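Nothing here was measured: the structure is a model prediction, and the numbers come from that model.
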Amino acid sequence: MIRTYKYGEITKDEIFARTEPTVNVEAVVAEIIETVKKDKDKALVAYSEKFDGVKLDALEVSREEIDEAFNSVDKKFISILKSAYENIYAFHSRQVRNSFLINDKDGVVIGQKVIPIEKVGLYVPGGTAAYPSSVLMNCVPAKIAGCKEIVMVTPPSKNGKVNPHILAAAAVAGVDRVFKVGGAQAIAALAYGTESVPKVDKIVGPGNAFVAEAKKQVFGRVSIDMIAGPSEILVIADGTCNAKYVAADLLSQAEHDRMASAVLVTDSEKLAADVAEELERQLPLLEREEIARTSIDNNGKIIITGSIDEAVEVANSIAPEHLEICVDEPFMYLDKIKNAGSIFMGKYCPEALGDYMAGPNHTLPTSGTARFSSPLSVDDFVKKTQFSYFTKDALSKVARDVEYFASKEGLGAHAKSAVIRFDEE
């Protein structure tokens, strides 16, 4: 049963608090990474047999396998995939940044170049649930950015094949290569390379605690998108909301993971009671009831505030991954929201819409990191470099200033390099 609190009875740190796993994830992952670095493909095959229950003859998914999967998936799903792709593409194409050049001083040219990251690794989960939507959300902005090669890794099934819906999404999104590798070992393979799996420059995509820890440990060797924690949703709703809708939206995230957190913040005691009751009615109807039940019982909360403005304060204090504003005039509150991964406005914009079809990205900052982090975007797949050009005359005008500035930092060689070109004069 979900727990209910009055505003102020629970601290912001406790709102999304959850029981941490008891397994020493850090040590397990460190050993896996070292083994993959040393044994490469041999380690990947061994880990697939150990963790996935399948002995693989080949790690890479062939073009024939991808075509077979694409043709085996029902045509309606392919049509929906393509519609989602178009929405995601339309949204992310607006994020493209251009290089720039400044030439407003005689003899001086400065500027910035925006350069695509060359090779990107995309991790797609395949455990308790498979997510073809993640293929689109991670691949589309990388394609728009101009990344040369996108390599996808995902765990195989016990029959040695990859979920056909994931492969269909890979075909629609334009993934270049796909490998049957999951878990921390997949992250290690992307970071260090093996005989089969190419080393990449950046790794993106969600995963379990072992995948998240592996991304953390290889960061620096490669770039990563973020260290994502379990899923979170915070729903702000007033007394005019339908309790059935609110409960369904909370459960949409609770079913992700036993560690997921679903929180309702409302100014209505009646809605709070109705949603608690509705959760108990809807839970037994879910295929993933046991997962959602654990999430709701352990991590779910209802917080009753004195106003919707107080509810907004709660949201800003904890910076949720997903934030729903379920009121009749949601745009009244949009400018007041300072910290949230993605915001869903009004009574007819469930978070699930954003997972699949709306267009904005569903790879979002968790665990309060929306205070300083952003959703995955085209920006995550480019790097920037800068350049400067000075003529001799342009340098002569600032050389003594550079010398003086450098001397204040005690860096004589810096100072000398600025004026040495004019010593003979």
Minimal heavy-atom distance between A358 and N87, with the atoms involved, is O-CB, 3.9 Å
Going by atom types alone, do D13 and T11 pair a side-chain donor with an acceptor below 3.5 Å?
-> no
Show your working on side-chain contact (heavy atoms from CB on, under 4.5 Å) between K42 and L44 and close with a plain yes or no.
-> CA-CA 6 Å; K42 180 182 174 183; L44 298 181; over 6 Å; no
Count the heavy atoms of every other residue, nucleotide or ligand shown that sit under 6.0 Å from NZ of K75, and state whether that count exceeds 12.
-> yes
N-O pairing of R293 and E280 below 4.0 Å | yes
Does a side chain donor of either E232 or T366 reach within less than 3.5 Å of an acceptor in the other side chain?
-> no
Should we say atom CZ of F100 is surrounded by more than 12 heavy atoms from elsewhere, each under 6.0 Å from it?
-> yes
Count the heavy atoms belonging to other residues, nucleotides or ligands that lie under 6.0 Å from CZ of F405, then report whether that count exceeds 12.
-> no
When you check the gap from the basic side-chain N to the acidic O, do K161 and E68 get nearer than 4.0 Å?
-> yes
Can a donor-acceptor pair be found between the side chains of D355 and S133 at a distance below 3.5 Å?
-> no
Report, as yes or no, whether the 6.0 Å neighbourhood of atom NZ on K40 holds more than 12 heavy atoms from other residues, nucleotides or ligands.
-> yes
Go through the steps to decide whether N159 and V54 satisfy the test side-chain contact (heavy atoms from CB on, under 4.5 Å), and finish with yes or no.
-> CA-CA 7 Å; N159 62 4; V54 58; over 6 Å; no
Can you find a side-chain donor-acceptor pair between T305 and D267 that sits under 3.5 Å?
-> no
Mind listing the closest non-hydrogen atom pair of V108 and A394 along with its distance?
-> CG2-CB, 3.6 Å
List the atom of N339, the atom of N316, and the distance in Å for their closest heavy-atom pair.
-> ND2-O, 2.8 Å
Closest contact, heavy atoms only, S295 versus D257 | CB-O, 3.5 Å
Over 12 non-hydrogen atoms of neighbours within 6.0 angstrom of OH in Y89 | no
Check whether any side-chain heavy atom of D225 sits under 4.5 Å from a side-chain heavy atom of K215, and report yes or no.
-> yes
Residues D176, K148: salt bridge by 4.0 Å N-O rule = no
Is there a side-chain contact between V114 and N98 (heavy atoms, below 4.5 Å)?
-> no
Measure centre to centre between the rings of H362 and Y131, then say whether the value is under 6.0 Å.
-> no
Compute whether any side-chain donor of one residue and acceptor of the other, for T240 and K347, lie under 3.5 angstrom apart.
-> yes
Give a yes or no on whether K113 atom NZ has more than 12 heavy-atom contacts from other residues, nucleotides or ligands under 6.0 Å away.
-> no
Taking the side chain as C-beta and beyond, is there a heavy-atom pair between I304 and Y7 under 4.5 Å?
-> no
Should the pair K158-D52 be classified as a salt bridge under the 4.0 Å nitrogen-to-oxygen rule?
-> no
Inspect the surroundings of CZ in F372 and state if more than 12 heavy atoms from other residues, nucleotides or ligands are less than 6.0 Å away.
-> yes
All heavy atoms of E255 vs all of I291, minimum pair found to be O-CG2, 3.5 Å
Kindly determine whether D380 and K202 satisfy salt bridge (Lys or Arg N to Asp or Glu O under 4.0 Å), including the steps that lead there.
-> CA-CA 9 Å; D380 288 287; K202 184 163 188 171; 3.7 Å; yes
Should E9 and K6 count as an ion pair when the cut-off is N to O under 4.0 Å?
-> no
Please say whether more than 12 non-hydrogen atoms of neighbouring residues, nucleotides or ligands are located less than 6.0 Å from CD in E290.
-> yes
Tightest non-hydrogen contact, residues F344 and C349, listed as CB-O, 3.3 Å
Report the C-alpha separation of I33 and Q217 in whole Å, then their side-chain angles, then the decisive distance to 0.1 Å, and conclude whether the side-chain contact (heavy atoms from CB on, under 4.5 Å) test is met.
-> CA-CA 9 Å; I33 291 174; Q217 290 191 24; 3.7 Å; yes
Do you see a donor-acceptor pair shorter than 3.5 Å between the side chains of E86 and S83?
-> no
For residues 241-250, dump all side-chain donor-acceptor pairs below 3.5 Å to protein atoms at least two apart in sequence or in another chain.
from: N242; atom 1: OD1; to: K244; atom 2: N; distance (Å): 2.8

Which salt bridge (Lys or Arg N to Asp or Glu O under 4.0 Å) pairs, counting each pair once, include a residue from residues 178-197, with sequence neighbours left out?
-> E65-K180
Residue of the set L136, L376, V140 for which side-chain contact (heavy atoms from CB on, under 4.5 Å) holds with N361 | L376
